[in-house]
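Written below as structure tokens is the structure these notes are about.
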Amino acid sequence: MATFELHHLSLAERTQPRLFDGKFSKVEWLRKAFGSPFAFEHRGSAFHWVPFSVGDGDEPIVGVIEREYPFQHYEAPENGGYPTSTDVWQGAVVTIDPRHHSDGQKLAFERGTRIGQPLAVLGSLIGQINDRDDAPYIISVSAIWDEGSFQAFAERHGNILRSVTFQFVVPNMFDLSGKLDEKLKQVGEDTGAKHVTLTLESPDGVRADAPEVEAGVVYGSKGQATVTAKAMDGERYSSTDKVRTSRIAPLLGQGKALLSVVRDYANEVLGRGDASTSGTDSDRDPPD
């Protein structure tokens with residue numbers, strides 16, 4: 001099976017675009033930014049984004065992230081059969097719904113492909129796009145994760161934790177008090193910050209089942225924040241270890257039919273309906 005990690009893209013308009021090239025909507029910019037091949041660096045290695053289809057209307061953006069990777073094998077018998085290494089291209093398919101709706105601006109990254117940890121690689125790819133002189137938006141990428149994993153962690157510790165930390169994407173702030181928290185939004189607007197970190201901490205413990213914490217967890221799990229926590233006994237929780245995944249039939253061997261397969265199963269790839277599951281550490285990519 002091909003397994004995909006699910007992520008959310010947030011776009012914040014630049015206050016001072018470096019190069020004005022007309023007005024783009026968020027959807028238009030995502031299609032333009034991912035519409036041409038480009039190279040980017042990740043941890044000292046060269047990676048490449050290669051689009052298969054930019055799509056239009058309801059169609060997703062589909063492409064592949066590639067890197068050269070040494071493949072260890074043996075020479076042919078007539079060449080002595082000695083161990084050798086050949087650089088081959090490894091790739092991970094990426095599918096993006098760029099539309100702005102309740103389950104839009106969503107990205108699925110194929111994992112288990114020797115490309116590396118999806119969120120880390122995406123950070124480098126998105127950084128390359130954000131560095132463009134014509135970029136009218138700053139894009140942030142966050143994992144979509146299983147809120148139930150936090151609840152299970154908290155319940156295991158009696159819903160009393162030493163600390164809970166949220167890192168929110170600005171300007172999509174959630175409501176801590178049941179009404180719009182203008183202070184948190186104002187911090188982003190006044191400082192230009194694209195992320196705001198909030199830590200709830202007490203030596204006597206923080207109630208993990210408090211409405212404010214529960215609201216933050218539900219909001220953050222949609223790809224709007226990452227959450228880390230520490231229990232009173234020192235056990236730690238990180239939402240980045242609980243990324244939601246989706247699965248479809250294997251993609252290798254599909255050849256040029258791959259694009260049609262991904263389009264036909266776009267909802268399954270993007271984890272819609274019953275397709276989304278919780279990721280486990282056992283099928284994560286090795287550190288890159």
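Index from 1, following the sequence. Computation of the quantities below employed the complete heavy-atom set of this structure, encompassing side-chain atoms and omitting hydrogens, waters and symmetry-equivalent molecules. Everything numeric here is computed off the predicted structure, so don't read it as measured data.
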Hey, any chance [X] and [Y] share a hydrophobic cluster, counting ILVMFWY side chains that come within less than 4.5 Å of each other, even indirectly?
| X | Y | value |
| --- | --- | --- |
| Val27 | Tyr137 | no |
| Val50 | Val62 | yes |
| Val206 | Leu198 | yes |
| Val213 | Met232 | no |

Approximate separation, where rounding is to 0.5 Å, of [X] [atom1] and [Y] [atom2]:
| X | Y | atom1 | atom2 | answer |
| --- | --- | --- | --- | --- |
| His73 | Thr84 | NE2 | OG1 | 5.0 Å |
| Gln167 | Ser142 | CD | OG | 7.5 Å |
| Phe47 | Glu41 | CZ | CD | 9.5 Å |
| Lys106 | Ile144 | NZ | CD1 | 4.5 Å |
| Leu107 | Leu270 | CG | CG | 8.5 Å |
| Ile96 | Leu9 | CD1 | CG | 6.0 Å |

Check: Is the closest basic N to carboxylate O distance between Glu13 and Lys23 below 4.0 Å?
Finding: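 Yes.
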For this session: Please assess Leu161 against Phe150 for the test side chain to side chain contact (heavy atoms under 4.5 Å, CB included), listing each intermediate value before the final yes or no.
Result: CA-CA 11 Å; Leu161 304 176; Phe150 177 86; 4.0 Å; yes
- Plane angle bin for Phe166 and Phe168 - parallel if under 30°, tilted between 30 and 60°, otherwise perpendicular: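 Rings of Phe168 and Phe166: parallel, under 30°.
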>> Below 30° counts as parallel, above 60° as perpendicular, anything between as tilted: where do the rings of Tyr237 and Phe153 land?
In response: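 Ring orientation, 0 to 90° scale: tilted.
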Within the side chain of [X], is there an N or O that forms a donor-acceptor pair under 3.5 Å with the backbone of [Y]?
| X | Y | result |
| --- | --- | --- |
| Arg67 | His42 | no |
| Trp145 | Gly220 | yes |
| Arg31 | Val54 | yes |
| Asn130 | Ile138 | no |

Nearest heavy atoms of [X] and [Y], plus distance in Å:
| X | Y | result |
| --- | --- | --- |
| Gly35 | Pro51 | O-CG, 3.7 Å |
| Glu110 | Gly91 | OE1-O, 4.3 Å |
| Phe34 | Trp49 | O-NE1, 2.9 Å |

Would you indicate whether His100, at its atom NE2, is surrounded by more than 12 heavy atoms from other residues, nucleotides or ligands within a distance under 6.0 Å?
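Not more than 12 within 6.0 Å, no.
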Within a 6.0 Å radius of atom CZ on Arg236, are there more than 12 heavy atoms belonging to other residues, nucleotides or ligands?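 No, because the 6.0 Å sphere around CZ of Arg236 holds 12 heavy atoms or fewer from other groups.
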Q. Do you know which of Val262, Thr95, Val269 makes side chain to side chain contact (heavy atoms under 4.5 Å, CB included) with Pro60?
A.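 So, applying the side chain to side chain contact (heavy atoms under 4.5 Å, CB included) to Pro60 and each of Val262, Thr95, Val269, only Thr95 qualifies.
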Inset, instruction - For the residue pair Ser53 and Arg263, confirm or rule out a side-chain donor-acceptor distance under 3.5 Å. - result: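 Yes, Arg263 and Ser53 have a side-chain donor paired with an acceptor closer than 3.5 Å.
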With side chain to side chain contact (heavy atoms under 4.5 Å, CB included) as the criterion, how do Asp134 and Lys32 come out once you've worked through the C-alpha distance, each side chain's angles and the decisive distance to 0.1 Å? CA-CA 11 Å; Asp134 62 340; Lys32 178 178 173 62; 3.7 Å; yes
- Query: For the ring pair (Phe, Tyr, Trp, His ring centres under 6.0 Å) test, which of Trp89, Phe40, Phe38 pairs with His48?
  - Reply: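 So the option named by the test is Trp89.
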Where do Leu125 and Val94 land on the side chain to side chain contact (heavy atoms under 4.5 Å, CB included) test, with the steps shown first? CA-CA 12 Å; Leu125 179 147; Val94 174; over 6 Å; no
Between Met1 and Ile248, is the side chain to side chain contact (heavy atoms under 4.5 Å, CB included) condition met? List the steps. CA-CA 6 Å; Met1 300 292 285; Ile248 63 169; 5.5 Å; no
